[in-house]
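See below for the structure under consideration.
Residue numbers count from 1 along this sequence.
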Amino acid sequence: MLLIKIGGGDAINLDGIARDLSTVEGPKVIVHGANALRDRLAERLGVEKRILTSVSGYTSVDSDEEMIDVMLMAYAGLRNKRIVEAFQAHGVNAVGLTGLDGALVRGMRNRGIRVREGGKTLIRRDLSGKPVAVNRKLLGLLLDNGFVPVVTVPIIDERNTAINSENDDIVALLSAALEPELVVQLIEAPGFLEDENDPGSVVSEIPRGELARREQAATGRMKRKLLAILRLVESGSTKVVIADGRSEHPVADVLVGKGTVIG
């Protein structure tokens, strides 16, 4: 079992990923982002993107109903179907899904996000939450019949409403449910960088015992990604690799040892 998270940046080589996966035997599950496309669509539609930074230092997009609509267009619509198209072009029988479809990924809506604004601690509530359960029956039906699920947000909450969630947290939940041999995080960098401004500072390996320190020192999106990976590796023996999704052969590169190995 191979579980792959495809980052949402414009530079990710979708065709290369699809071509590589066409040569990889065994079941595969894909989770993907679409943040760059979301931001462009929001700007074109006049929807303001607001970033929330929690008191713990984690960032997220303020997800009101307008932003959920933009996400449905970007993640569930254009990005998801373009990935499915690329996979089908290379003989990978992909099926595009959100967490909503068949209640594939259920979540619990956040009661509120504690943020610091103007020297005060405030509670911000929006349509976001944490994934808590996977529809294993639906995943099993697809995987047992040779399909490759391509999964993205939104997910479905306890009120049967669409909510935003972190795809990295969805990857961690799927990993706990499926117990893959390998989890691959394809990003717009050669791996985890010691210096985020130096592409040559790739850390080849991060032992499990070092993850917490790395997460505490990280900022921005990488901080949240490392937190999700920390939870993932703590729950089992799965190997995780952060690698370059922009290369000519993103998946093949991972299989020959490129990127940052965690675990």
Side-chain angles (χ1 to χ4, degrees), residues 1-9 11-13 16-17 20-21 24-33 35 53-60 105 130-132 134 151 165-263:
M1 166 71 70
L2 181 61
L3 176 56
I4 296 180
K5 160 70 190 307
I6 300 175
I12 298 294
N13 182 5
I17 295 169
D20 285 353
L21 286 179
V24 176
E25 298 294 330
K28 297 170 278 287
V29 176
I30 312 299
V31 179
H32 73 84
N35 56 293
T53 302
S54 73
V55 294
S56 301
Y58 302 103
T59 60
S60 61
V105 181
K130 299 291 184 183
V132 296
V134 174
V151 182
S165 191
E166 291 293 331
N167 272 317
D168 287 322
D169 290 338
I170 293 172
V171 169
L173 184 67
L174 286 170
S175 179
L178 299 171
E179 299 182 340
E181 289 79 19
L182 178 63
V183 175
V184 178
Q185 290 268 356
L186 295 174
I187 65 173
E188 290 182 302
F192 178 82
L193 303 180
E194 193 72 63
D195 178 354
E196 63 181 16
N197 298 311
D198 179 8
S201 65
V202 177
V203 178
S204 61
E205 183 177 0
I206 301 177
R208 292 186 183 210
E210 195 179 319
L211 259 180
R213 180 184 68 81
R214 293 282 188 179
E215 182 272 326
Q216 290 172 6
T219 59
R221 299 298 300 168
M222 184 54 72
K223 184 176 182 66
R224 187 176 286 279
K225 182 179 295 293
L226 288 178
L227 178 64
I229 292 174
L230 177 61
R231 292 169 176 164
L232 188 159
V233 299
E234 284 179 342
S235 66
S237 58
T238 298
K239 177 182 175 182
V240 181
V241 178
I242 301 175
D244 202 334
R246 306 165 300 177
S247 71
E248 185 176 356
H249 294 287
V251 179
D253 286 348
V254 169
L255 298 180
V256 297
K258 293 187 179 180
T260 301
V261 178
I262 298 174

- request: With sequence neighbours excluded, tell me which residues meet salt bridge (Lys or Arg N to Asp or Glu O under 4.0 Å) with Glu215.
  value: Lys223
query: Do the non-hydrogen side-chain atoms of Val251 and Val184 ever get within less than 4.5 Å of each other?
result: no
- prompt: Shortest non-hydrogen contact from Val183 to Ser175?
  reply: CG2-OG, 3.9 Å
field: Taking every non-hydrogen atom, the tightest pair across Val105 and Pro131
entry: CG1-CB, 3.7 Å
statement: For residues 190-202, the side chain to side chain donor-acceptor pair (under 3.5 Å) pairs (sequence neighbours left out) are Glu194-Arg214
- request: Can you sort out the partners of Glu188 under side-chain contact (heavy atoms from CB on, under 4.5 Å), two or more places apart, ordered by chain and number?
  value: Ala11, Ile12, Arg246
query: If you round to the nearest 0.5 Å, how far is NE2 of His32 from CD1 of Ile170?
result: 10.0 Å
message: Within this structure, what is the CZ-CG distance for the pair Arg208 and Leu232, rounded to the nearest 0.5 Å?
response: 9.0 Å
query: Which atoms form the tightest heavy-atom contact between Pro190 and Pro199, and what is the distance?
result: CG-O, 3.6 Å
Can you give the donor-acceptor pairs under 3.5 Å from side chains of residues 1-8 to other protein atoms, not counting sequence neighbours?
from	atom 1	to	atom 2	distance (Å)
Lys5	NZ	Asp168	OD1	3.3

message: Within this structure, what is the CG-CG distance for the pair Leu173 and Leu178, rounded to the nearest 0.5 Å?
response: 9.0 Å
message: Does Val151 form a side-chain contact (heavy atoms from CB on, under 4.5 Å) with Ile30? I'd like the steps, not just the answer.
response: CA-CA 6 Å; Val151 182; Ile30 312 299; over 6 Å; no
task: Mind checking the OG1-CD1 spacing from Thr238 to Ile229? Nearest 0.5 Å is all I need.
output: 12.0 Å
Without placing hydrogens or testing angles, list every side-chain donor-acceptor pair under 3.5 Å for residues 253-263, not counting sequence neighbours.
from	atom 1	to	atom 2	distance (Å)
Asp253	OD2	Ser247	OG	2.8
Thr260	OG1	Phe192	N	2.8
Thr260	OG1	Val203	O	2.6

- line: CD (Gln216) and CG (Leu227) are apart, to the nearest 0.5 Å, by 10.5 Å
statement: Looking only at heavy atoms, the pair that brings Lys28 and Gly26 closest together is NZ-O, 2.8 Å
field: side chain to side chain donor-acceptor pair (under 3.5 Å) involving Asn13 - partner list, sequence neighbours excluded
entry: none
message: Please determine whether the number of non-hydrogen atoms from other residues, nucleotides or ligands lying under 6.0 Å from atom CD of Glu210 exceeds 12.
response: yes
- request: Output the distance between atom CZ (Arg213) and atom CG (Leu230), rounded to the nearest 0.5 Å.
  value: 13.0 Å
- request: Answer yes or no: is there a donor N or O on one side and an acceptor on the other, between the side chain of Arg231 and the main chain of Ala172, under 3.5 Å?
  value: no
